[in-house]
Structure formats: C-alpha cells, structure tokens
J.: 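The structure under discussion is supplied below as structure tokens; questions concerning it will follow.
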Amino acid sequence: MPSLQPYSTFGLAASCDSIQSFSDVTSFLSIFKTSKNNNKAIYILGGGSNSVFTDDFDGTILVNEIKGISHFDTESHHYLRVGAGENWHDFVTLCMKEKWYGFENLALIPGSVGACPIQNIGAYGREVNTLIDKVECVFLETGEQVLLGKEDCQFGYRDSVFKHALANKVLITHVNFKLPKHYELETSYGELAALTEPTPEKVYSKVIEIRKSKLPDQSELGNAGSFFKNPVVSKAVFQAIAQDYDSVPHFVVSGSADFPATEKEQIKIPAAWLIDQAGFKGKTLNKVRCHPTQPLVLTNLGGATGNDVITMAKDIIASVQGKFGIQLEPEVRLLGSKGLISL
C-alpha cells in the first residue's frame, strides 16, 4: 500500500489503497469512475497542506495536478484563470512579479489554488473571496461542468458552499480571479500597520517575514498550518471575557450566518490567544507539540500518530471551552479510514 506521508505536510505515517494523479477533466472522470466501481472511498487531494491522515485510508487518493495560468486585462481590472493544481504561493509570487496586485497579504499560505475557495483562505485582513470572480467545477456523478459565481459559492469565514451543499459532489478545476487595478492596500493587521509608505511589494515581503518568524517550515517540521479557526463570538460573549482579560485581542467583523445582526455584535478572537491562555503554548503530547511561537499550529516532532493529534486537539478544545465557553473548530481536514472525521 502506498504511503501518504509525502502527500500531507503533517507527515503522519499512513497509507492508502492507491494514489493516482490527473491533469485534466477527462482523465479525472475516467479515474474517478474506475475507483468508484471498486466500491472504495475516494478523496481528492491538492497540496496536502490542510489534510491530516490520522489513519490508513481505505480507498483511493486522487491528486489534482490541473495546471495553467492565463491572463487578460481591461482598463480597470486584471482577469486570471488558474488551474486548481497550481501551487498557491508560487502563483502569488508570479502575480507580484507581473504587478497583478491584490494577493500580497496572502503570501506564503501553503496549499494549492484549488483549495483557496474551499477554505476561503485569508490572512492579515484579506480574504480570497474578495478577489474571486468565478469557480469552475465538474460534478463527480454526472461529469457536468459548471461555472459558479461568487454568490453561488456562499463564502463565509474559512467557509464556502464546497464544505456544505457541494461537499464531496464537485471537483474544482479552475479558479477565476478579478483584480481591480485601483484598490486600497490592507495594512490594518498587526505588524503591517507599522509599514512606512506601504506598497504591495512591501506588504508581500513583510507577510513572508512575519510568517517565517512565527510559523514552522513544513519541509522541516510537519504541520498543517493553522489547526483551528479563529472563533467569531457575540458582543456579549466577548464582553464577558474582557471583564477578566482587559487585554484580550479582538477584531470587529461583518455579519455572518451565525450572527446576522449588526456588525458591531460580531467579534473575532484569535484562537492562538485562547490556546495560549489555556496553557498549551509550547506543550508537547507524545510527538505532537503546540508550536512555541504560534500556538494555533500543531506540529509533528517526528513519529507522531493520528491518535496523538486527535488527543491533543481534543484536549485544547475542551480546555478552551472550559475556560472561556468558546468551542474551537478545526480548520484542517481530518481523515480517518473511511474519509473525513470530526472531533
């Protein structure tokens, strides 16, 4: 059975029945049909930076290698069509080189372009949905190819229709971006606010510098980036916490499906702060460690098992819940022998 360690940045020892890659829709549909006829589970994988295999996978892994980047522009916008199998950071770097600005806050996020709309990836005040125009998909069962507009994608905080109504029903083949030529840089978050005379290039370089200083290199220390989502809570919940912690970091966010009232009633609290306050920063359980400089990241010190990861994650969730009354949710996708699992 082939090893899944090279296909997941967390690097747990796991295997599967077979691993097959595809570079176009025709080859994908052929492989998918054959795999399904074997009555085995199927999981579609991109860069493997957000998928953690906690057990041997009883089925077939299909690796998306659809590539290609095309561009045209108008007087007001740049338009890009990008294959889902392209590496995200390499794509962002190309855009900076070509002066197609907008992605600078999202530099050095691991993973593939095809994963970006699923997660609605974001960092340092910018979410990718603000730059997405359309998403090209193919329905797994019928082979029908569809073009989804931004509204169809139902983007939310680290969320989209691809995690709900279309979960396990479509393959994302391409993402189409629309970048305004005239826009305001986003420098309100953290260390970006200290930049003097900021430019897209300065923001891009600073984001890379910050991420490298706080986050472990996935090629050196197994991890899946941010393990948990930053929780969004009501104003009342935040105020209750602030009575005991007057320095609690927080950000006002726009309305969401969870809290559809006025904008000021939604407060995002960094999960890293909650985890730190719960005493997990730098803590090690067997071969899994809560990273000393960014407790939002769990790392594989070498030889960690899926059970180690699940146990550490559950301990963190229970401790934060007990201390603050906030239920943390994983941002990573955890997989067991039959597919996605929840904690």
J.: Just how far is it from atom CZ of Arg333 to atom CG of Leu45, taken to the nearest 0.5 Å?
T.: 9.5 Å
J.: Would you find more than 12 non-hydrogen atoms of other residues, nucleotides or ligands less than 6.0 Å from Asn168 atom CG?
T.: no
J.: Are the charged groups of Lys212 and Asp217 less than 4.0 angstrom apart, N to O?
T.: no
J.: Tell me if a side-chain donor or acceptor on Gln294 pairs with a main-chain N or O of Leu215 at a distance below 3.5 Å.
T.: no
J.: For Phe324 together with Tyr245, are the ring centres under 6.0 Å from each other?
T.: yes
J.: Would Leu334 and Phe53 satisfy side chain to side chain contact (heavy atoms under 4.5 Å, CB included), going step by step from the backbone distance to the final call?
T.: CA-CA 6 Å; Leu334 297 166; Phe53 293 95; over 6 Å; no
J.: Main chain of Ile66, side chain of Ser23: is a donor-acceptor contact present, judged purely on distance under 3.5 Å?
T.: no
J.: More than 12 non-hydrogen atoms from neighbouring residues, nucleotides or ligands closer than 6.0 Å to NZ on Lys33, yes or no?
T.: no
J.: Should the heavy atoms of other residues, nucleotides or ligands under 6.0 Å from NZ of Lys36 be counted, would the total exceed 12?
T.: no
J.: What is the ring orientation for Phe227 with Phe10, classed by angle as parallel under 30°, tilted 30 to 60°, or perpendicular over 60°?
T.: perpendicular
J.: For Thr9 and Ser49, which I'm curious about, is there any donor-acceptor pair between the side chains at under 3.5 Å?
T.: no
J.: Test salt bridge (Lys or Arg N to Asp or Glu O under 4.0 Å) on Lys181 and Glu75; report intermediate values, then the result.
T.: CA-CA 8 Å; Lys181 291 185 176 180; Glu75 186 175 333; over 6 Å; no
J.: Under a 3.5 Å distance rule, please check whether Ser3 uses its side chain to pair with a backbone N or O of Gln5 as donor and acceptor.
T.: yes
J.: Contact between Thr293 and Ser213 at the side-chain level, heavy atoms closer than 4.5 Å - yes or no?
T.: no
J.: Passes side chain to side chain contact (heavy atoms under 4.5 Å, CB included), Leu298 versus Met312? Steps please.
T.: CA-CA 9 Å; Leu298 301 185; Met312 173 69 98; 4.1 Å; yes
J.: How close do Arg211 and Ala123 get, counting heavy atoms only, and between which atoms?
T.: NH1-CB, 4.1 Å
J.: Does any part of the side chain of Ile210, heavy atoms only, come nearer than 4.5 Å to the side chain of Leu108, both counted from C-beta?
T.: no
J.: Are Val135 and Asn176 close enough, and set up right, to give a side chain to side chain contact (heavy atoms under 4.5 Å, CB included), and what steps lead you there?
T.: CA-CA 6 Å; Val135 178; Asn176 293 260; over 6 Å; no
J.: Going by heavy atoms in the side chains, are Ile269 and Ile326 under 4.5 Å from each other?
T.: yes
J.: What closest approach, in Å, do Asn64 and Ala84 show between heavy atoms, and which atom pair accounts for it?
T.: ND2-CB, 3.5 Å
J.: Would you say that Thr305 contacts Asn286 through its side chain, given a criterion of any heavy-atom pair below 4.5 Å between the two side chains?
T.: no
J.: Could you tell me whether Glu201 and Lys97 make a salt bridge, using a distance below 4.0 angstrom between a side-chain N and a carboxylate O?
T.: no
J.: Does atom NZ (Lys150) have a neighbourhood of more than 12 heavy atoms from anything else shown, all under 6.0 Å?
T.: yes
J.: Could you tell me whether the side chain of Glu197 reaches within less than 4.5 Å of the side chain of Lys202, counting heavy atoms only?
T.: yes
J.: Are any side-chain N or O atoms of Asn120 and backbone N or O atoms of Asn129, one a donor and one an acceptor, separated by less than 3.5 Å?
T.: yes
J.: To the nearest 0.5 Å, tell me how far Gln218 CD sits from Asn223 CG.
T.: 4.5 Å
J.: Does a sphere of radius 6.0 Å around CZ in Phe32 hold more than 12 heavy atoms from other residues, nucleotides or ligands, not counting ones at 6.0 Å or beyond?
T.: yes
J.: Shortest non-hydrogen contact from Pro295 to Cys290?
T.: O-SG, 3.2 Å
J.: Does either side chain, that of Ser51 or that of Tyr43, offer a donor lying less than 3.5 Å from an acceptor on the other one?
T.: yes
J.: If the test is side chain to side chain donor-acceptor pair (under 3.5 Å), which one of His78, Glu98, Arg81 qualifies with His71?
T.: His78
J.: Do Tyr183 and Pro200 touch side chain to side chain, with heavy atoms closer than 4.5 Å?
T.: yes
J.: Using the benzene-type ring in the case of Trp, are the ring centres of Phe177 and Trp100 under 6.0 Å apart?
T.: no
J.: Using the side chain to side chain contact (heavy atoms under 4.5 Å, CB included) rule, take Phe22 and Leu62 through it: C-alpha gap first, then chi angles, then the decisive distance, then the call.
T.: CA-CA 7 Å; Phe22 59 90; Leu62 304 183; 3.9 Å; yes
J.: Between the side chain of Gln321 and the main-chain N/O of Leu328, is any donor-acceptor distance below 3.5 Å?
T.: no
J.: Hey, does the side chain of Ser27 reach the backbone of Asp24 with a donor-acceptor pair shorter than 3.5 angstrom?
T.: yes
J.: Is Ile310 close to Leu343 at the side-chain level, that is, under 4.5 Å between some pair of heavy atoms?
T.: yes
J.: Would a distance-only check, ignoring hydrogens and angles, find a side-chain to backbone donor-acceptor pair under 3.5 Å from Asn300 to Ala304?
T.: yes
J.: When rounded to the nearest 0.5 angstrom, what distance separates CG in Asn50 from CD1 in Ile118?
T.: 9.0 Å
J.: Can a salt bridge be assigned to the pair Lys206 and Glu104 using a cut-off of 4.0 Å between side-chain N and carboxylate O?
T.: no
J.: Do the rings of His89 and Tyr204 sit parallel, tilted or perpendicular, given the 30° and 60° boundaries?
T.: parallel
J.: Between Glu86 and Lys67, is there a side-chain N and carboxylate O pair less than 4.0 Å apart?
T.: no
J.: Do Gln145 and Cys137 come within less than 4.5 Å of each other through their side chains, counting heavy atoms only?
T.: no
J.: Would you kindly confirm whether Leu195 and Val207 end up in one hydrophobic cluster when ILVMFWY residues are joined by side chain heavy atoms under 4.5 Å apart?
T.: yes
J.: Any pair with a residue in residues 152-166 that passes salt bridge (Lys or Arg N to Asp or Glu O under 4.0 Å), sequence neighbours left out, goes on the list, sorted by first then second residue, please.
T.: Glu127-Arg158, Arg158-Glu331
J.: How are the rings of Tyr79 and Phe72 set relative to one another: parallel (under 30°), tilted (30 to 60°) or perpendicular (over 60°)?
T.: parallel
J.: Hey, is the main chain of Phe57 close enough, under 3.5 Å, to the side chain of Ser337 for a donor-acceptor pair?
T.: no
J.: Quick one: closest heavy-atom pair of Gly122 and Ile109, and the distance?
T.: O-CD1, 4.2 Å
J.: Answer yes or no: is there a donor N or O on one side and an acceptor on the other, between the side chain of Ser160 and the main chain of Phe162, under 3.5 Å?
T.: yes
J.: Return the minimal non-hydrogen interatomic distance between Gly59 and Cys16, and the atom names on each side.
T.: O-CB, 3.7 Å
J.: Does the pair Lys40/Asp58 count as a salt bridge with the N-to-O cut at 4.0 Å?
T.: yes
J.: Closer than 3.5 angstrom, by distance alone: can the side chain of Glu186 be matched with the main-chain N or O of Ser188 as a donor-acceptor pair?
T.: yes
J.: In a check of side chain to side chain contact (heavy atoms under 4.5 Å, CB included) between Leu179 and each of Leu131, Thr130, Asp73, which one passes?
T.: Leu131
J.: Do Val332 and Ile316 land in one hydrophobic cluster if side-chain heavy atoms of ILVMFWY residues count as linked below 4.5 Å?
T.: yes
J.: Around His164, counting heavy atoms of other residues, nucleotides and ligands shown, do more than 12 lie under 6.0 Å from its NE2?
T.: yes
J.: Excluding sequence neighbours, so at least two apart, what forms ring-ring contact (aromatic ring centres under 6.0 Å, His included) with Phe251?
T.: Tyr189
J.: If you take all heavy atoms of Asp56 and Ala14, which pair is closest and at what distance?
T.: OD1-CA, 3.4 Å
J.: Mind checking whether Ile42 and Val170 sit in one hydrophobic cluster, side chains of I, L, V, M, F, W, Y counted as touching below 4.5 Å?
T.: no
